[in-house]
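Labels below follow one simple rule: chain letters A, B, ... track the order of the sequence lines, proteins then strands, and each chain is numbered from 1. These numbers were taken from a predicted model, which means no experiment stands behind them.
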Amino acid sequence: MSGGACSIVWFRRDLRVEDNPALAAGVRAGAVVAVFIWAPEEEGHFCPGRVSRWWLKHSLAHLDSSLRSLGTCLVTKRSTDSVSSLLEVVKSTGATQLFFNHLYDPISLVRDHRAKEVLAAHGIAVRSFNADLLYEPWNVNDDQGGPFTTFAAFWEKCLSMPYDPEAPLLPPKRIISGNVSTCPSDRLVFEDESEKGSNALLARAWSPGWSNADKALTAFITGPLIEYSKNRRKADSATTSFLSPHLHFGEVSVRKVFNLVRNKQFLWANEGNKAGEESVNLFLKSIGLREYSRYLSFNHPYSHERPLLGHLKFFPWVVDGGYFKAWRQGRTGYPLVDAGMRELWATGWLHDRIRVVVSSFFVKVLQLPWRWGMKYFWDTLLDADLESDALGWQYISGTLPDGREFDRIDNPQFEGYKFDPHGEYVRRWLPELARLPTDWIHHPWNAPESVLQAAGIELGSNYPLPIVGIDAAKARLQEALSRMWQQEASSRAAIENGTEEGLGDSSESAPFAFPQDTQMEENLEPARNNAPATTRRYEDQMVPSMTSSLVGGEQEETSSDLRTFAEHSRAEVPRNVNINQEPRRDTLNQGIPQTVRNNNTFPQFNFPMGVGNAEDSTAESSTSSSRRERDGGVVPVWSPPAPSYSEQFIGDENGIGASSSYLQRHPQSHQIVNWRHLSQTG
DNA sequence: ATCATGTTCTT
DNA sequence: AGAACATGA
């Protein structure tokens, strides 16, 4: 490459200068134009939520100042189409190369593939790198060369790969700036006036930015890491790494984390420190889960909206806006669940254990569609991460081969005494229960009247009775599961009869294919026929798959040029997909004021939209406004997920695609046996 | 030691 | 729920 070349380094979720392969490549190649493109419309309904945008704003400012101290700056562009913005930057700077780091969510896979094609067509040399994972998904294979379908096997393989993850790169000493004088930055707006107040509180607890991420990493490794194993079950302990938002935005390299942590492991192993070693294994496992979430997303790009086990699409979710709202507001009557939801509401943060508790309650007790819960997490979590959250919710929902059994309900009362034995966590987040003795703190409904009175609690008035009893939930769950199996069986029969062959009439299966969306739309527009004729529009597309990526050609696995890998891995990504197109948006947006619906207004998905009838503004005027002061913060606004772009990936509504091959690869899956049994007895 | 019972973990 | 592990008489 010629010394005078100018390259664009496209920053996305790799907001760091240290161990950033794309940046390093740009610096090596000559002059650098560092670019960040803010195109929230491209993300569909997974446009970042309020707290996430707050983080992004500060992280970008931090990155910009780092780049300035190195000799350049961060060019920011507001866009509705990243690829055209890249082209504009190319034209205005005269750059001849583009470097960026890989992402693995479905939107990025498609967009980045298109970016490569379009820019290459304009004569730009494009190279992309692994900066987010220990190993690229297509390099981690089982003995047959296929993708793993369980986490344990996947992680075991990662830890025993024949070659180590790349060693972290140092930050560049100096960056030669490309000519950006003719390439003005757009001012990016990440928060509106109504959000500023609540965001102000975030700065007290968090410091976005790559060098702060680095400090957080050091603090964790030299501090809480050694006791990680011992402390991990405490609901409100400050003993986690708190790295997840940093990791989400790529402020710290996971390879650096891995390296430093493993060094500690060797140290402690030599010292015979058993607890320390176990702590490291446990912490690395959580890093492994993050890896696995990317792996899963790459191999199953629709996994954030479709159950990986196909039969789950027949589950009759309870579509109840009232339940959903009670859950969001922390008014379910189960103190541990409610405390968690209030904490999430107020801080954008939840201990992993509590995430499991509240999401499990959501799916198993309330039986609300998991995608709603996932979307709410997306909108409210500071570390909202599509891949990780999809993995988490699929795990909880029993839709993974190695996930939890669906028919198991955890009892929040018992979990309460496990994770919060003295009730301190509950008392912190539920002031109305503050005076309740520990004996009753996790099951106030059993407390004697005298105790409640002394604690100033009137159940049903200042604290709710359980919204659903555990026994009732169990019964309803059994019934729902047997209904699910019936539906699955009749669908299977229909397929075998040939009535569902190929791309034929989808009206048989559609009502069950996406109950959550269907019902959601019914809420908004009850009369609507819910068998959309448009769902088969992308039937010719296949998902990116590791298998096919390897078929494409033999690669030396240690090749330092990852471009060829990436090319092959993306070979089957849909080409002609218009990300911005959401076929059923019009229907979904029924009843939303035109000004809000307008695509040009600031992130539409965080405007109050309500959830349908149950939150109709006339019905509950005091609480329906979606925004309400509480604990000094603005209540996160939730909006229903739009019908999704997954239809662009999936040609097959009947689970014949990846999800059923998933099943075929796991005939031994115990869940499946259980559920079969269930459907026969139920 | 053996067999009970209890505890923890499952992505 | 069930395995795998721990504790204890």
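Within the structure, no pair that satisfies the salt bridge (Lys or Arg N to Asp or Glu O under 4.0 Å) test touches residues 143-161 of chain A, not counting sequence neighbours.
Taking atom CD of residue A/E415 and atom P of nucleotide C/dA1, one finds them 13 Å apart after rounding to whole Å. Across the protein-nucleic acid pair, A/E405 atom CD and B/dT11 atom C1' stand 12 Å apart, rounded to whole Å. One interatomic measurement links the two molecules: CZ of A/F406 to P of B/dT11, which rounds to 18 Å at whole-angstrom precision. Atom CZ of A/R404 is separated from atom C1' of C/dA1 by 11 Å (rounded to the nearest Å). Between the P atom of B/dC9 and the CG atom of A/N281 lies a distance of 14 Å, rounded to the nearest Å. One atom, CH2 of A/W155, and another, P of B/dT11, lie 13 Å apart when rounded to the nearest Å. The nearest whole Å value for the distance from the CZ atom in A/R355 to the P atom in B/dT11 is 18 Å. The distance between atom CD of A/Q478 and atom C1' of C/dA1, rounded to the nearest whole Å, is 12 Å.
In the set B/dT11, C/dA1, B/dC9, B/dC9 carries the atom at the smallest distance from any side-chain atom of A/R353. When each of C/dA1, B/dT10, B/dT11 is scored by its nearest atom to the side-chain atoms of A/K285, the top-ranked nucleotide is B/dT10.
At a cut-off of 3.5 Å, with distance as the only test, no side-chain donor of A/R290 or A/S293 sits close to an acceptor on the other residue. Defined by atom type and a distance below 3.5 Å, a donor-acceptor pair is present between the side-chain atoms of A/W55 and A/E251. Under 3.5 Å, the side chains of A/D402 and A/T150 contain no donor-acceptor pair of N or O atoms. Residues A/E136 and A/Y295 have side chains that never bring a donor and an acceptor to within less than 3.5 angstrom of each other. Neither side chain, A/Q329 nor A/D338, offers a donor N or O lying under 3.5 Å from an acceptor on the other.
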All N/O contacts under 3.5 Å from nucleotides 3-5 of chain C to the protein, with atom names and distances to one decimal?
none

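Per the stacking criterion (ring centres < 5.5 Å, plane angle < 30°), A/F151 does not stack onto the base of B/dT11.
Within the 4.0 angstrom heavy-atom criterion, base atoms lie near A/D352.
A salt bridge between A/K375 and A/D379 is present, with a side-chain N of the basic residue lying under 4.0 Å from a carboxylate O of the acidic one.
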